[in-house]
Structure formats: structure tokens, C-alpha cells
Amino acid sequence: MRAKVIFLVGPTATGKSELGIKLASRIKGEIISCDSMQVYKGMEILSAVLPPVLRKKIRHHLVSYVSPKYEYNVVKFQRDAIKILKDIIKRGKIPIFIGGSGLYYKVLLDGIFTQQTHDKRLREKLYKEAKAYSSYFLYEKLKRIDPQSSAKIHPHDLKRIIRAIEVYEKTGIPISTWQKRTKGIINEYDVRIFGLLRSKDVIFKRIQERTERMFRAGVVEEIKRLLRVKLSKTAQQAVGIKEISGYLNSLYPLEEAKRLIVSNTLKLVKKQLTWFKRDKRINWINIRDNQTDDEVIKIILDEIKN
RNA sequence: GCCGAGGUAGCUCAGUGGUAGAGCGCUGCCCUGAAAAGGCAGGCGUGGUCAGUUCGAUUCUGACCCUCGGCA
């Protein structure tokens with residue numbers, strides 16, 4: 001019998017973390033974060049990590065895990081996550097993945113090729129070429145080496161063009177070929193995926209409240225602390241860093257920083273939704289405003305019983 | 001009250017005698033080593049109101065309304 005693995009996904013501010021803890025305590029679960037920002041240490045307030053008091057008793061993995069000085073990415077995530085997943089199962093517990101990072105989630109389920117292909121210098125070189133001759137120059141190059149990916153990638157999408165070229169240069173095999181050879185956990189375990197949804201109005205309200213709470217909890221101080229070190233390219237992308245930096249640099253008042261954070265978090269929600277909505281494997285739970293966590297847990301427990 | 005500037009897309013604004021664009025926003029979508037990233041697509045809006053000139057006005061003229069700045 002294959003071991004059970006549970007996923008709780010969906011956009012930010014739907015209450016995944018709280019639900020996850022309640023669920024974990026009912027089924028002897030441990031939580032593995034599937035969140036590209038909560039992995040970083042020292043960004044807890046900003047990335048809305050639940051305070052330790054609320055997390056006690058339930059083990060959390062991949063939260064406050066690496067220094068924001070370092071880059072973290074999907075491949076590292078899938079490597080770390082699978083290791084932890086196996087360990088949890090070995091200890092007779094149920095892994096519960098919780099998060100809103102669509103790519104992290106997808107890669108875990110469907111796999112990613114893990115050959116060492118990352119090459120900073122090569123990327124920089126390619127960027128320079130693109131700058132000098134436009135992205136079309138690189139796009140034509142990609143067309144020659146990997147017509148299959150070039151058909152999928154837009155000529156303006158420099159990041160993907162460069163990545164595809166990088167993979168080919170480093171391995172001699174087109175990225176499109178590599179991508180066909182991946183294998184995720186979806187067929188290896190008894191995977192149950194739940195997506196949490198709430199109405200737009202409720203999400204908006206929750207984001208506003210959460211943003212206020214963040215400021216009361218001292219995000220500004222947290223950001224000040226973070227800005228003292230050189231943040232990695234990946235960590236510095238978190239919503240709130242540039243918004244609060246603007247306030248710290250006296251470009252606008254505090255209220256404006258809050259407004260920007262709310263609006264950019266809302267944008268994030270929209271992107272997360274487009275990502276998850278098309279995944280037909282997700283079991284959606286549309287949470288009504290007056291519905292309690294326990295009622296939602298009951299739905300999930302009923303689903304995973306057999 | 002007088003003088004000046006202006007009223008065009010949700011916002012900031014460009015432009016034209018032949019019924020309008022840009023950026024941002026918004027909506028939808030794509031996504032496999034930066035993913036809270038990156039990319040793509042979508043614009044009939046009473047052109048403040050009314051009247052005049054004109055074959056034709058958002059574009060010229062006049063009146064009125066409103067906003068902003070200066071003077072009183």
C-alpha cells in the first residue's frame with residue numbers, strides 16, 4: 001500500500017497554515033512548507049509564517065530554513081522536500097504539504113530534471129548578447145538548437161530562452177527532451193490534493209487585516225534587519241521588501257507602503273489562482289465566510305479516509 | 001469678482017479638421033533550476049455641457065459649468 005501524502009494548496013490568505021496545523025493534529029501529520037518565501041530565515045512576519053505558539057506540537061519543515069543571503073530554488077526545494085517526505089513516512093507519520101508556490105508544488109508532483117546545469121557566467125554572457133542584439137537574436141539561436149521549446153516560448157520571454165540555451169550548452173541535450181524524462185511523486189504515493197478557495201471579497205479583507213497585523217508585529221523592523229545583509233536575488237523578491245524600502249527611503253508615507261503591499265498581494269493571489277485553477281487534480285474546497293475550520297477539516301478527513 | 005491654465009479610458013496624461021492613443025490599473029492566459037519571478041493577449045471612451053463655423057469637430061469659435069494656480 002502506498003503511503004498517503006496530503007497537499008493543501010491555494011492562494012495566500014485563505015487560511016492554509018491554520019488549517020494545516022489542525023489537520024496535522026488530527027492525523028499525526030507533519031507539515032512541509034511549499035512556499036518560496038517562508039523558507040527564508042528572518043522573513044517570518046513578511047511571509048506570514050504563523051508564530052511559534054500556534055505551531056507548537058506540530059513539526060514544520062522548510063520554514064525559516066535558509067538564510068536569505070542565499071538563493072533557494074525549485075530544484076533545491078524538491079531535493080529537500082523529498083528527503084523530508086521520506087523521513088516523515090519512515091517515522092509513521094503523514095506528510096502534509098502546505099503552500100501557494102505553484103511551481104514548487106508542480107515540480108514535486110511531476111518532477112524536474114536535476115542535472116547540474118546552472119551556470120551564472122553563461123547566463124550573464126547570454127544576457128549581454130540579448131542586450132546587444134535583442135532577445136530575438138537568442139530566440140533564433142534557440143530555434144536552431146531546440147525547435148520544440150522555441151515553439152512554446154515567446155520571443156520576448158528572455159528568462160526562458162536563456163534557460164533553454166543554458167541547458168543545451170551544458171548538457172548537449174535540449175531542455176524539452178530533459179523535461180520529458182522527469183518523474184514526480186504523484187505515482188509513487190497516495191497523493192491527495194486539496195485547494196482552498198474563498199470569495200474575492202473575503203480574501204481582500206483578510207489581506208488587509210493581515211497587512212495591518214504585519215505592521216503591528218514589526219515588519220518594518222524586520223525589513224530593516226534584512227536590508228543590512230545583501231539579500232539573494234530570490235529572497236529580495238518577496239512582496240513587501242521594495243514597498244517598505246520605499247517608505248524607509250522617505251519616498252512615501254507608511255500608509256502608502258501598506259496600500260502597495262495589499263495591492264501587490266492581491267496581484268499575487270490572482271497569479272496563484274491562474275496557476276492552480278488549471279490543475280485538474282486539485283480537489284477544491286470553497287470555504288464559505290461563516291464556515292469554521294473544523295467543518296473544513298471534516299470535509300478533508302472524510303475525503304482522505306479511504 | 002478679475003487674470004491664467006485645464007477639463008480625453010478606473011488613474012496620470014499624449015495627440016489629431018475626417019468620430020482617439022500610451023503608461024499604470026483591471027480582466028484573462030502561459031509557465032519546470034529567479035516562480036511572491038518572467039512572458040502574452042484584451043481599449044466604443046456621451047472626448048465637461050450647449051450652440052455656432054464646416055461636407056465633416058474631440059480638434060476652430062462663443063457661452064455656460066467644474067477643477068487648479070495667482071490677484072483681490
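- Residue A/Lys277 is classed as a sugar-phosphate contact, given heavy-atom separations below 4.0 Å to backbone atoms only.
- For A/Tyr72, no side-chain nitrogen or oxygen approaches OP1 or OP2 of B/rA34 to under 4.0 Å.
- Regarding contacts with the backbone of B/rA34, a side-chain N or O of A/Arg123 is found under 4.0 angstrom from either OP1 or OP2.
- Residue contacts shown for A/Lys200 are limited to sugar-phosphate atoms, with no base heavy atom under 4.0 Å away.
- Contact annotation for A/Asp35: base contact, defined as any heavy-atom pair under 4.0 Å involving a base atom.
- Atom NZ of A/Lys271 and atom C1' of B/rG38 are 6 Å apart (whole Å).
- Using a 4.0 Å heavy-atom cutoff across all strands shown, A/Leu158 reaches no nucleic acid atom at all.
- Using a 4.0 Å heavy-atom cutoff across all strands shown, A/Thr114 reaches at least one base atom of the nucleic acid.
- Heavy atoms of A/Gln116 sit under 4.0 angstrom from at least one base atom.
- For the pair A/Phe276 CZ and B/rC29 P, the computed distance is 14 Å after rounding to whole Å.
- For A/Tyr252, the OH atom sits in a packed shell: over 12 heavy atoms of surrounding residues, nucleotides or ligands are nearer than 6.0 Å.
- Residue A/Lys267 has its side chain nearest to B/rC26 when only B/rC26, B/rU32, B/rA37 are considered.
- Remark: C1' of B/rC26 and CZ of A/Phe204 are 14 Å apart, rounded to the nearest angstrom.
- Comparing B/rU32, B/rA35, B/rG25 by their nearest atom to the side chain of A/Lys106 picks out B/rU32.
- Nearest nucleotide to the side chain of A/Lys159, out of B/rA35, B/rA37, B/rU32: B/rA37.
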> Between A/Lys224 and A/Glu221, is a salt bridge (charged side-chain N to carboxylate O under 4.0 Å, His left out) present by the stated rule, with each step listed?
Replying inline: CA-CA 5 Å; A/Lys224 273 189 195 162; A/Glu221 288 308 311; 3.4 Å; yes
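- Atom CZ of A/Phe113 and atom C1' of B/rU32 are 8 Å apart (whole Å).
- When the C1' atom of B/rG39 is taken as reference, atom CD1 of A/Ile161 falls 10 Å away, rounded to whole Å.
- Among the nucleotides B/rA34, B/rC40, B/rU32, the one closest to the side chain of A/His156 is B/rC40.
- Across the strands present, B/rG6 finds its partner in B/rC66; the criterion is a Watson-Crick or G-U wobble pair with both atom distances under 3.5 angstrom.
- Counting only heavy atoms from C-beta on, A/Asp157 has its side chain closest to B/rG38 among B/rA35, B/rU32, B/rG38.
- One N or O donor and one acceptor, one from the side chain of A/Tyr127 and one from the base of B/rA34, sit under 3.5 Å apart.
- Side-chain proximity of A/His154 to B/rG39, B/rU32, B/rC29: nearest is B/rG39.
- Annotation: A/Tyr136, atom OH; neighbour count of heavy atoms from other residues, nucleotides and ligands within 6.0 Å is above 12.
- Between the side chain of A/Arg160 and the base of B/rA34, no donor-acceptor pair under 3.5 Å is found.
- Taking atom CD1 of A/Ile186 as the reference point, atom P of B/rU32 lies 19 Å away to the nearest angstrom.
- Summarising the geometry, the separation between CH2 on A/Trp275 and C1' on B/rG39 is reported as 12 Å, rounded to the nearest angstrom.
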> Can you check side-chain contact (heavy atoms from CB on, under 4.5 Å) on A/Leu126 and A/Lys141, steps first, answer last?
Replying inline: CA-CA 11 Å; A/Leu126 291 169; A/Lys141 191 170 178 174; 4.3 Å; yes
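- When heavy atoms are screened at a 4.0 angstrom cut-off, A/Val239 is found touching base atoms of the nucleic acid.
- The nucleotide B/rU54 finds no pairing partner, because no Watson-Crick or G-U wobble arrangement with both distances shorter than 3.5 Å includes it.
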>> side-chain hydrogen bond (donor to acceptor under 3.5 Å, both in side chains) for A/Tyr40 and A/Thr234? Distances and angles first, verdict last.
In response: CA-CA 10 Å; A/Tyr40 293 113; A/Thr234 47; 2.6 Å; yes
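- A straight line from CG of A/Leu273 to C1' of B/rA35 spans 15 Å, rounded to a whole angstrom.
- For the OP1/OP2 pair of B/rU32 and a distance below 4.0 Å, the side-chain nitrogens and oxygens of A/Arg163 include no atom meeting the criterion.
- A/Gln179 comes within contact range of the sugar-phosphate backbone alone, with a heavy-atom separation under 4.0 Å but no base atom that close.
- The pair A/Glu222-A/Arg225 fails the salt-bridge criterion, with no side-chain N (NZ, NE, NH1 or NH2) lying under 4.0 Å from an Asp/Glu carboxylate O.
- For the residue pair A/Thr12/A/Gln272, the side-chain donor-acceptor check at 3.5 Å is not satisfied.
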